[in-house]
Amino acid sequence: MPQSVAIISGIQRMVLYETRARYFLVGSNQAQTKHRVLKIDRTEPKDLVVIDDKHVYNQQEVRELLGRLDLGNRTKIGQKGSSGLSRAVLACGIVGFVRFLEGYYIVLITKRRKMADIGGHSIYKIEDTTMIYIPNDSVRVTHPDEARYVRIFQNVDLSSNFYFSYSYDLSHSLQYNLTLLQRPYELWSSAASSGEEEVHTQSKQDSFDIFEDEGLPTQVVYGLQTEPYYKYVWNGKLLERVKDILHHDWLMYIIHGFCGQSKLLIYGRPVHITLIARRSSKFAGTRFLKRGANCEGDVANEVETEQIIHDASVMSFTAGSYSSYVQVRGSVPLYWSQDISTMMPKPPIRLDQADPYAHVAALHFDQMLQRFGSPIIILNLVKKREKRKHEKILSEELYPAVINLNQFLPPDHCIDYIAWDMARYTKSKLCNVLDRLSMIAENVVKRTGFFINRSDFYCHTLRPDDRWGDLGGHIASSGRVQTGVLRTNCVDCLDRTNTAQFMVGKCALAYQLYALGMIDKPKLQFDTDCVRLFEELYEDHGDTLSLQYGGSQLVHRVKTYRKIAPWTQHSKDIMQTLSRYYSNAFSDADRQDAINLFLQVYQPSETKPHLWELPTDFYLHQRSTMALPQDRRSYTLWWSEGILSYLPVAYDEVPCDDTMKKVKVKRVNRFDEAIDIYTEFFKPYELTCFDETFCIAMTNSAQEFMPKTVGVDPSPFTVRKPEETGKSVLGFHLSAGRTSTLIGRGSRLEIQQQQTVKEPYGLNLAEFPSEEDVLIYKRFAHLGESQHTVERTQHIKLANIICLEPVSCFPDDSVFSVCPPQVDRKSHDVFESHVMLGQGQVRALCREDVLMYREYVKNRYM
């Protein structure tokens, strides 16, 4: 039966060659067996002329092509000194093409680093890029403001938290990508037959079809390529000019946010925990300059966080076990802002526009219903009680908006609203913030469920859990599907939101590990290796998102809300607060201009004011304010057509006509390189070092958190004291290597030397061994001395040598000769009959065998 698989990009390595009239971008696959050539004209001063040669070259053909280009572009015939074709840049991807006031630039990725692996699909982080001006100097028309635009554009640091993959769609969730592969084959067969691309015909060398000469049919699979979710794509506008011209292998979409992966070892069994955060490219910006929502329903600081758990012992998407859980953070979906001209740490909140029918909130929740399904659960963490109204203004507007929208939705799919003043509970000494969050998380996960690509294990029947039966979501034939999502917000969506998301993620992680058969009940405790590993991932995730939006790392962390943070943490919190204030006051405006230019929200032109001359970017993000809307949306039927009929399942994941148009289907040979994820991951054509592989360098729970002493339970689900682990929950080590600084210099060195031996082996070699161990060692040394003096021809007598117990199962042995053990006659007969049976000679049954067989038949069938 044919399968559905994702198509791997055929261009992963690029070389840019330069002549006076053209750039030639030669792209190849990872194995460098297939090549494509892109021609970029350099004679046009302001237009972009790109020609995609549709031909696929092999290595010999591309060498001949480059040789002809080199020969044809030399200034004199036969001249060898100066080449007509020069190599300019080595690259591994195209970010896009951009133009300011002069000609076009091409932005190339020159360095990458692997950050995660999901089912053999590698996820890379951009480490370095280069920006090359395309037109030749002879046709260049200079403009005095061009250099300033280039500096603003380069203020977006592409080497900071931008990610891409050649074979995995990062803009969609794992649930979307895997459910797409599990759709009925009839859909793909009809789509492939009606499309323009037919069966991929190749030569015998390329197809690797061993059954072709035997007259057997070629094994065909359906290669799928999905259209990205452009809301989370950050270079969509930069590729917009060429996406209809170039082959899809040239197009590579990048996301911005966070990606981290760690390995959880459960008694040696590897489980990978991956955290992916996708930052929205709509209404993107910095903290005080982007608040609330725009007229299209896009909110500020909107980030989709997905945690993926999979059993790393099986790599394949079809045979492996994969689970994911998605949650969202984003600003309160209202028209509101804060005036930063007052230079106050907390500028007053103001509502910019009246929205009595919750129009902008309706647009926002319509997007969420379409992508996530129902229920949509809002966790609002802003303050309720204040001496002077500040955050409370937002709650007083959001709650009526949700009530207004819910009256038109069916009761089963209404938006849930949970308001909880987290800051007030934190100040109370009687209330435990995380216990309250844990209760909320349990209810949320039970309602939304989570995604897993396999049915329940038999162990769930053997050891049933009451909470497992109450779990929500949609149960399909191939597993479970998450329906709905939790949307968390405070004012900034940074500190409080990250802690709340961590608690929900911790609860979901317990259910995911239970579903994978790793634990016997869906419950995880604090101060275990597993939770500490997960907490570290979430803190890195929170710090990264906070730096992108707020200009500093997190101020309040999980340890702060657990009230176990050391006193040194308070000084760090003060420094982060000052750093955030400085960034908001002095550098956010420049960062906002850079984001607007990179996302092409503002496109420079000689006929309109420059970017730095605009008093505000309000009209760049609120496009409908510049024109009257042609089609006014209904205030009562505020959702898009077709969404309600499929709820609680998300409309984007339903195989209907609209969603099928976003998927390109191609029938390919199952041995084609374009779908061979094994070759893509293991790279058998390269000489690699095992120690340098990504899975070895990954953060490891056994290495980072498991105690280094013998006699402690190595399970990552055992609650440990801070001094029992290599990396303490308090953020510092409590090992003897640190405490020895209180002792004198001579004894300190001695203790440190003992510690280096004790940590890996669990033994303190400074202590003298026991008498029994010394006696055994002397016997062993005497045995070795005696055997080295024995000649090979000499008869060995071990009577004079004290034997160790146990040395061997043989009575007489040495390093030169072995005396075989004695075998009795009965064992010899059993072995002889076994050998004869293998040769086809069956011996006659004896009376005991016949009686034994009769007894077996009697007990079995009578």
Side-chain angles (χ1 to χ4, degrees), residues 3 5-17 24-38 52-67 87 89-94 108-127 164-169 197 199-210 212 218-221 223-225 246-252 315-317 666-696:
Q3 297 178 352
V5 292
I7 293 180
I8 304 169
S9 174
I11 298 177
Q12 301 187 21
R13 296 183 179 182
M14 299 180 188
V15 184
L16 185 67
Y17 294 94
F24 293 92
L25 191 60
V26 179
S28 66
N29 58 357
Q30 191 72 21
Q32 295 188 346
T33 57
K34 296 179 181 180
H35 303 260
R36 290 182 179 272
V37 179
L38 202 64
D52 183 9
D53 189 350
K54 302 297 182 182
H55 183 68
V56 179
Y57 299 86
N58 58 30
Q59 202 161 16
Q60 181 64 28
E61 290 173 342
V62 80
R63 284 178 181 173
E64 294 175 357
L65 174 64
L66 295 175
R87 178 185 291 191
V89 175
L90 294 175
C92 49
I94 302 175
L108 297 174
I109 302 171
T110 56
K111 192 182 292 184
R112 69 188 184 191
R113 180 162 62 99
K114 189 171 179 179
M115 295 298 294
D117 164 62
I118 303 175
H121 301 267
S122 300
I123 299 174
Y124 297 97
K125 176 182 179 290
I126 299 177
E127 287 288 296
F164 68 93
S165 175
Y166 297 112
S167 55
Y168 183 80
D169 187 358
E197 296 186 57
V199 179
H200 192 58
T201 57
Q202 291 180 318
S203 63
K204 289 185 180 180
Q205 287 182 336
D206 294 337
S207 64
F208 302 106
D209 191 359
I210 60 176
E212 190 172 354
T218 303
Q219 301 182 37
V220 175
V221 298
L224 308 182
Q225 191 164 31
L246 304 184
H247 188 271
H248 58 77
D249 283 349
W250 291 104
L251 305 176
M252 189 181 66
M315 187 185 71
S316 165
F317 271 156
K666 182 170 70 171
R667 299 176 65 194
V668 294
N669 189 333
R670 65 171 296 186
F671 302 106
D672 195 293
E673 292 181 5
I675 59 171
D676 188 1
I677 197 64
Y678 177 87
T679 304
E680 172 71 15
F681 180 76
F682 288 103
K683 300 180 178 61
Y685 43 81
E686 286 186 2
L687 182 62
T688 55
C689 178
F690 183 74
D691 291 335
E692 295 176 359
T693 55
F694 175 73
C695 60
I696 299 297

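Keep in mind that the numbers below use all heavy atoms, side chains included, and drop hydrogens, waters and symmetry copies.
Looking only at side-chain heavy atoms (C-beta outward), Val56 and Arg36 come within less than 4.5 Å of each other. Within the 4.5 Å cutoff, the side chain of Ile94 has heavy atoms near those of the Leu108 side chain. Put simply, the side chain of Asn58 reaches to within 4.5 Å of the side chain of Glu61, judged on heavy atoms. In this structure the side chain of Met252 never reaches within 4.5 angstrom of the side chain of Ile11, judged on heavy atoms.
Taking both residues in full, the closest heavy atoms of Ile675 and Asn669 are given as CD1-O, 3.5 Å, listed atom of the first, atom of the second, then distance. Tyr57 and Val37 get closest at one heavy-atom pair: CE1-CG2, 3.7 Å. The nearest pair of heavy atoms linking Val26 to Trp250 is C-CH2, 4.4 Å. For the residue pair Glu127 and Lys125, the shortest heavy atom distance occurs at OE2-NZ, 3.2 Å. Of all heavy-atom pairs between Gln12 and Gln30, the closest is OE1-OE1, 2.8 Å. Residues Thr110 and Cys92 come closest through the heavy atom pair C-SG, 4.3 Å.
In this structure, Leu251 CG and Gln225 CD are separated by 8.5 Å, a value rounded to the nearest 0.5 Å. Atom CG in Leu38 sits 12.0 Å away from atom CG in Asp249 (nearest 0.5 Å). Considering CG of Asp117 and CZ of Phe694, their distance stands at 7.0 Å, rounded to 0.5 Å. Note that CG of Leu65 is 7.5 Å distant from CG of Asp53, once rounded to the nearest 0.5 Å. With rounding to the nearest 0.5 angstrom, the CG atom of Asp676 is 6.5 Å from the CD1 atom of Ile8. We find the OG1-CZ distance between Thr693 and Phe682 to be 10.0 Å, quoted to the nearest 0.5 Å.
Atom OH of Tyr678 has 12 or fewer heavy atoms from other residues, nucleotides or ligands within 6.0 Å.
Defined by atom type and a distance below 3.5 Å, a donor-acceptor pair is present between the side-chain atoms of Glu673 and Thr33.
Scored by the salt bridge (charged side-chain N to carboxylate O under 4.0 Å, His left out) test, Asp52 finds Lys54 as partners (sequence neighbours excluded). Among residues two or more places apart in sequence or in another chain, the side-chain hydrogen bond (donor to acceptor under 3.5 Å, both in side chains) test is passed with Ser122 by Lys114. Judged as a side-chain hydrogen bond (donor to acceptor under 3.5 Å, both in side chains), and not counting sequence neighbours, the contacts of Arg13 are Glu686.
The main-chain N or O of His35 is never found under 3.5 Å from a side-chain atom of Ser28 such that the two would form a donor-acceptor pair.
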- Task: Starting from the C-alpha separation in whole Å, work towards a yes-or-no answer on side-chain contact (heavy atoms from CB on, under 4.5 Å) for Arg112 and Phe164.
- Result: CA-CA 9 Å; Arg112 69 188 184 191; Phe164 68 93; 4.0 Å; yes
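Relative ring orientation between His121 and Phe317 is described as parallel, the plane-to-plane angle staying below 30° on a 0-90° scale split at 30° and 60°.
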